[in-house]
Amino acid sequence: LILWLWSLLLCSGSSSHESWSIIDVVVITNNPYYFDIQLPDGNTTKGGFMVDLLGRLEDSLNMTFNIYEVEDGEWGSPVKEENGTVRWRGLVSDVAKGKADMAAA
């Protein structure tokens with residue numbers, strides 16, 4: 001499952017970015033898509049389908065993907081506040097707030 005929330009890139013001229021050479025991508029730990037790999041020296045690195053896919057896209061599109069994990073560990077769900085407004089959590093929140101350019105999960 002790939003969740004692409006990259007609509008700003010599809011609408012030319014509507015982006016706040018001057019250059020799309022670096023794309024911020026929010027992810028969530030979800031084996032086999034994104035997970036920790038224990039290295040023989042005791043360190044860890046990230047692996048999985050999303051890491052592989054984004055690496056191939058980097059090469060093909062001549063871009064860099066800055067991958068980071070969502071802070072609250074949530075996929076994305078609406079939360080109704082006491083005043084009646086609705087805010088999002090998780091991956092969706094990071095994209096909606098502009099912290100991430102896209103989500104991949």
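Computed from heavy atoms alone, side chains included, the values below leave out hydrogens, waters and symmetry copies.
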### Query
How would you list, by chain and number, every residue that makes a side chain to side chain contact (heavy atoms under 4.5 Å, CB included) with P78, sequence neighbours excluded?
V86, W88
#### Entry: CG on D101 to CG on D24, rounded to 0.5 Å
5.0 Å
Sequence neighbours excluded and cut-off under 3.5 Å, please list the side-chain donor-acceptor pairs for residues 47-54, or say none.
none

### Task
Name all residues meeting the salt bridge (Lys or Arg N to Asp or Glu O under 4.0 Å) criterion together with E74; count only those two or more places apart in sequence or in a different chain, and write none if there are none.
none
#### Entry: same_hphob_cluster(V79, V70) at 4.5 Å side-chain heavy-atom cutoff
no
#### Entry: With S60 via side chain to side chain contact (heavy atoms under 4.5 Å, CB included) - residues at least two apart
none
### Query
Quick one: CD1 on I37 to OG1 on T44, what's the gap to the nearest 0.5 Å?
9.5 Å
#### Entry: L91 side, atom CG; D72 side, atom CG - distance, nearest 0.5 Å
8.0 Å
### Listed partners of N30 passing side-chain hydrogen bond (donor to acceptor under 3.5 Å, both in side chains), at least two apart
none
### Query
What residue pairs, at least two apart or across chains, pass salt bridge (charged side-chain N to carboxylate O under 4.0 Å, His left out) with a residue in residues 82-94?
E81-R87
#### Entry: Results of side chain to side chain contact (heavy atoms under 4.5 Å, CB included) for N31 - residues two or more places apart only
F35
### Query
Of all residues at least two apart in sequence or in a different chain, which pass the side-chain hydrogen bond (donor to acceptor under 3.5 Å, both in side chains) check with N83?
T85
### Student check: side-chain heavy atoms of I23 and M102 closer than 4.5 Å
yes
#### Entry: Worked check of side-chain contact (heavy atoms from CB on, under 4.5 Å) between V26 and Y68
CA-CA 5 Å; V26 61; Y68 72 93; 3.6 Å; yes
### Message
List the residues meeting salt bridge (Lys or Arg N to Asp or Glu O under 4.0 Å) with K46, not counting sequence neighbours, and say none if there are none.
### Response
D36, E69
### Query
Considering residues at least two apart in sequence or located in another chain, which fulfil the salt bridge (Lys or Arg N to Asp or Glu O under 4.0 Å) criterion with E58?
none
